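We use all heavy atoms of the structure for the numbers below, so side chains are in, but hydrogens, waters and symmetry mates are not. These figures come from a predicted structure and were not determined experimentally. Residue numbers begin at 1 in each chain, while the letters A, B, ... track the order of the sequences.
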Number of protein chains: 2
Amino acid sequence: MSSYPDPTSSAAAGSVLAPDPFQQAAGEAGSPALCAAVRDRLREGGLRWTPQRRALIEVLAETDGHVTTAELVERCRERDPATIPSTVYRTLDMLEDLGVVRHCHRPDGREEYHVLPEHEHGHLYCRACGGCWELERDESDRIVGMLERGQGFAVDLSHVTIVGRCRACRETG
Amino acid sequence: MSSYPDPTSSAAAGSVLAPDPFQQAAGEAGSPALCAAVRDRLREGGLRWTPQRRALIEVLAETDGHVTTAELVERCRERDPATIPSTVYRTLDMLEDLGVVRHCHRPDGREEYHVLPEHEHGHLYCRACGGCWELERDESDRIVGMLERGQGFAVDLSHVTIVGRCRACRETG
DNA sequence: TGCGTTATTGCAACTCATTGCAGATAGGCG
DNA sequence: CGCCTATCTGCAATGAGTTGCAATAACGCA
Ligand SMILES: [Mn+2]
Ligand SMILES: [Mn+2]
Ligand SMILES: [Zn+2]
Ligand SMILES: [Zn+2]
């Protein structure tokens, strides 16, 4: 979807399920290792390593789980008040092409990012309490498998958002 | 989700699966009948029937299938150039509480409305060709049933958007 | 170390959507 | 028929996100 120049054109699709080089890079050493891994991958593709990109990656490395785009812009701005939102948005697009982040949509349609998800997953959101859970592996396998067999449709699992009411909210209300 | 005063507080939930009074109203007679049905329901709840609401309902009655919110604003503006977007958005919220429309989210997160859907349904979107299909009944039954049994989660089916690549796009490259 | 190419940034304009508030008006009631 | 009041509308400000373009700066290469 992003019209960003794609460093290694197969990377966008490949990074999703392939053993992820960023995963190991970030595993122990954290931010510096992730920076180095991203920097190298960018240069391989003729892309550039800039202070703005570095800042965002450092912010991402400090982030657990889900984060809204606006929060990321805000955290970048804490480090550097001169941060420009459109640069952050464009960098996120690029990092998604690389497989460093995945986005999904919250019930209101706004974007939310997941940093280095260990495996692709969909989400369950409760409209009543605002809770969010990852879809279990076997549940998403069934959804993906069903649509693959029936319609020949290849589901983008990380983009699956299922909204409703969780058990707790149904019982109490 | 909408903070709109809810005319008959059970209507929001009830209208989804219950035999829908608007369905019949609009069936043959079209716009005037739908207007009358909505007007009566509003007055029952102490809400008001206004020219702005009437205009939107007339536009909706001429609409088949899915429409983006921006398109609806545009069509209202064709009838009355003085149309105010926020009024249209608020009216759509109200009509969704009444069960006259359902919204879902396109792959980019933007809203799309379905007028008087005959039955609740989720959507399948192809990112490559932009195509959109309704989820088949048995497919959505399986998804809804699985999450109901496993997690006790009540899925809001009309809000389910599954994004990916359709068979045709996968085959042609 | 410096140059030139070209990817990237900053910026401004734009789209879509939401919200709070003050003034307008629908419509129940006398 | 006209008043009163609570609901709605219009409006303006705000927030989220995208896009085109000119200026900047990364970095490969001499
Ligand atoms: Mn929604
Ligand atoms: Mn998306
Ligand atoms: Zn809940
Ligand atoms: Zn397609």
Could you give all pairs that pass the ring-ring contact (aromatic ring centres under 6.0 Å, His included) test and reach residues 46-86 of chain A, with sequence neighbours left out? A/H66-A/H114, A/H66-A/H123
N/O to N/O distances under 3.5 Å, protein versus nucleotides 23-25 of chain C:
none

Atom pair distance, as rounded to whole Å: CG in B/D108 and P in C/dA17: 9 Å
From the candidates D/dA16, D/dC8, D/dC27, the one with an atom nearest any side-chain atom of A/R43 is D/dC27
Please tabulate, for the side chains in residues 67-74 of chain B, all donor-acceptor contacts under 3.5 angstrom to protein atoms that are two or more places apart in sequence or on a different chain.
residue, atom, partner, partner atom, Å
B/T68, OG1, B/E71, N, 3.2

Does B/S158 have any side-chain hydrogen bond (donor to acceptor under 3.5 Å, both in side chains) partners at least two apart in sequence or in another chain, and if so, which? B/E120, B/D156
Record whether the side chain of B/R39 comes under 3.5 Å of the base of C/dG27 through a donor-acceptor pair of N or O atoms. no
Whole-Å distance between C/dT15 P and B/E74 CD? 11 Å
Got a sec? Which of residues 77-87 of chain B come in under 4.0 Å of DNA chain D, heavy atoms? B/I84, B/S86, B/T87
Residue set satisfying ring pair (Phe, Tyr, Trp, His ring centres under 6.0 Å) with A/Y113, at least two apart, ordered chain then number -> A/H103
So which pairs with a foot in residues 164-173 of chain A pass side-chain hydrogen bond (donor to acceptor under 3.5 Å, both in side chains), sequence neighbours left out? A/R170-B/E148
At less than 4.0 Å, is any side-chain N or O atom of B/R110 found next to OP1 or OP2 of C/dA17? Yes or no. no
Excluding A/V144, membership of its hydrophobic cluster (Ile, Leu, Val, Met, Phe, Trp, Tyr; side-chain heavy atoms within less than 4.5 Å) reads A/L124, A/W133, A/L135, A/I143, A/M146, A/L147, A/F153, A/V155, A/L157, A/V160, A/I162, B/L124, B/W133, B/L135, B/I143, B/V144, B/M146, B/L147, B/F153, B/V155, B/L157, B/V160, B/I162
What parts of residues 65-72 of chain A reach DNA chain D, counting only heavy atoms under 4.0 Å away? A/T69, A/A70
Nearest-nucleotide wise, let me know which of A/E111 and A/Q52 is further upstream toward the 5' end of DNA chain D. A/E111
Partner residues of B/R43 under the side-chain hydrogen bond (donor to acceptor under 3.5 Å, both in side chains) criterion, sequence neighbours left out: none
Can you find a donor-acceptor pair, distance only, under 3.5 Å between A/R90 side chain and C/dG10 base? yes
Please report how far the helix from C/dT1-D/dA30 to C/dG30-D/dC1 bends, comparing the axis fitted to its first five pairs with the axis fitted to its last five, to the nearest 10 degrees. 10°
Got a sec, which pairs hit salt bridge (Lys or Arg N to Asp or Glu O under 4.0 Å) with one end in residues 76-86 of chain B, sequence neighbours left out? B/E58-B/R79, B/E62-B/R79
